[in-house]
2 protein chains.
Amino acid sequence: MRDGPDISAIAALIGDPGRANMLSALMDGRALTAGELAGVAGVSLPTASGHLSRMVGAGLLVVAAQGRHRYYRLAGEDVAAALESLMSLAEARGHRRVRTGPRDAAMREARSCYRHLAGAHAVRIYDSLRARGAVAVGVSGLEVSSEGRRFLDGLGVDLSGLAGRRVVCRECLDWSERRMHLAGPLGTALLDYVLASGWAERVGDSRVIRFRPRGLKALEAAFPLDKDASATV
Amino acid sequence: MRDGPDISAIAALIGDPGRANMLSALMDGRALTAGELAGVAGVSLPTASGHLSRMVGAGLLVVAAQGRHRYYRLAGEDVAAALESLMSLAEARGHRRVRTGPRDAAMREARSCYRHLAGAHAVRIYDSLRARGAVAVGVSGLEVSSEGRRFLDGLGVDLSGLAGRRVVCRECLDWSERRMHLAGPLGTALLDYVLASGWAERVGDSRVIRFRPRGLKALEAAFPLDKDASATV
DNA sequence: ACAACGGTTCGGAAGGGACCGAAGCGTCGT
DNA sequence: ACGACGCTTCGGTCCCTTCCGAACCGTTGT
């Protein structure tokens, strides 16, 4: 009515259970076909197709036609961030999906959110990087310091994806931890590193990332938490 | 379907234009009566009453009965944060409400978001506090350092509201800046300070906060931006 | 060429939600 | 005590959305 962006159009799209399930399934950043998404939404293919075209039209999803398949994925990291923020709200209000199982607990530990890592371990990594001064808030958002770059490079993280990017890292609200974790190209690089180094592995087709005992030790050693970094007032 | 919180129920509530308008009107953190909210939503009183009771039931709003009035307000800061994150999405996708006027530009400069300050100036304050080391990420979230406490106290900010609070400050995504600004009790204290010190004033009944020229100078002096705090890689 | 396959478009049916008018209920003024 | 006021509840109408089956289109494989 008065001013500001129109929330309702986008919220209404997310508000349908079928579409919400599709969006949740796409939260790992990978692209799924219309048929697969119809499956997760629990609707017929024509219905799913209608939903998908509407979400593409609204800018929530993007399509890539490949042969006779059409791959849908989230339009960007900001979509994933908004979804996580809604999850955080729903979680706090006790709105939970019907079945909660062991998978749910594993998701809280570590999961992929778009292309980066989320969950308790992701928050730890972020906190450690902040405490170390590897990333800090600068004039153009969250920035990686030169010490941080050296540290990550020494660890073996592939930073080539960061070259020439306008925004190197961003923050994303973690629904299970209700804290910030690292997103953006640097977040992607860290998820790749965690998987490539064998610290953790993706569990099946889900968003769950399972850390191996060895990897957990390595993570705690590489990303220590300085308990006395600041006073709580 | 599978795991995680159920987004769709909450998103569906926000997805109705009338309800979205009500929520937007409540973004300044103040409580409005059912009649006033019916006005901003553009619906009759019975309709508004139905909407409001549903949102209370879902935990988005809370009511306070006062005489023959019933005051509705957002249930918490996390609701405001989720709404701002949706605004950020909608803004980026070009979903704008019909009329955009001078008020809109003023909103980008400075506005209240729940009980704290948002907009370009709010982001500046946050960045300055981060660069100065006044607030930093600790083990239990965003924390105020003892130097930060001294600095703010010396400035004249009333920190009495922070005593005994579990979380002293939080981050909130700014829809116009697409950056983080300061929320939580400290954010509230800073908004109070900015208004009490005469740096700025609330414009009518809107969320707009207008800075006086003198206040703007004072803000820039008190919260400098160190352009060379960190390298951009 | 032909059939199988993945996907979209079109049609109509069914369900749910938004909406308002009228009535009811508690509170405030006089 | 009485009416005015703010709000909620109830009942019924109406529209919008969701949904699927059938038909259609382009690609793949044989």
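Below, read A as the first sequence line, B as the second, and so on, with proteins coming before strands; counting in each chain starts at 1. Predicted, not measured: the structure shown is a model, and the values here were computed from it.
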**Request:** Select base, sugar-phosphate, or nothing to describe what A/S53 touches, counting heavy atoms under 4.0 Å on all strands.
**Result:** nothing
**Touch class at under 4.0 angstrom, heavy-atom based, for B/Y72 against every strand present** = sugar-phosphate
Atom-pair distance ([atom1] on [X]; [atom2] on [N]), nearest Å:
X	N	atom1	atom2	answer
A/L45	C/dT8	CG	P	7 Å
A/R54	C/dT8	CZ	C1'	16 Å
A/R68	C/dA4	CZ	C1'	7 Å
B/R70	C/dC25	CZ	P	16 Å
B/M22	C/dA18	CE	C1'	11 Å
A/H51	C/dT9	NE2	C1'	15 Å
A/Y71	C/dG6	OH	P	11 Å
B/L52	C/dA18	CG	P	12 Å

**Request:** Ignoring hydrogens and angles, tell me if any N or O in the side chain of A/S197 forms a donor-acceptor pair with the backbone of A/Y193 under 3.5 Å.
**Result:** yes
**Request:** Take A/D174 and A/H181, measure what side chain to side chain donor-acceptor pair (under 3.5 Å) needs, and give me the verdict at the end.
**Result:** CA-CA 6 Å; A/D174 196 295; A/H181 60 241; 2.8 Å; yes
**Request:** Give me the first and last nucleotide of DNA chain D, going 5' to 3', that has any atom under 4.0 Å from a heavy atom of chain B.
**Result:** D/dA4 to D/dT9
I'd like to check [X] versus [Y] (side-chain heavy atoms, cut-off strictly below 4.5 Å). Are they in contact?
X	Y	result
B/V168	B/E143	no
B/H116	B/C172	yes
B/I10	A/I14	no

**Request:** Decide side chain to side chain donor-acceptor pair (under 3.5 Å) for B/S206 and B/R111; before the verdict, give the C-alpha distance in whole Å, the side-chain angles of both, and the deciding distance to 0.1 Å.
**Result:** CA-CA 8 Å; B/S206 73; B/R111 65 186 176 276; over 6 Å; no
**Message:** Check this one for me: any side-chain N or O of B/T47 less than 4.0 Å away from OP1 or OP2 of C/dC20?
**Reply:** yes
**Request:** Can you establish whether the number of heavy atoms outside B/R210 located under 6.0 Å from its atom CZ is more than 12?
**Result:** no
**Asked** Want to settle it: does A/G67 or B/G35 sit nearer the 5' end of DNA chain D, counting the closest nucleotide to each?
**Response** B/G35
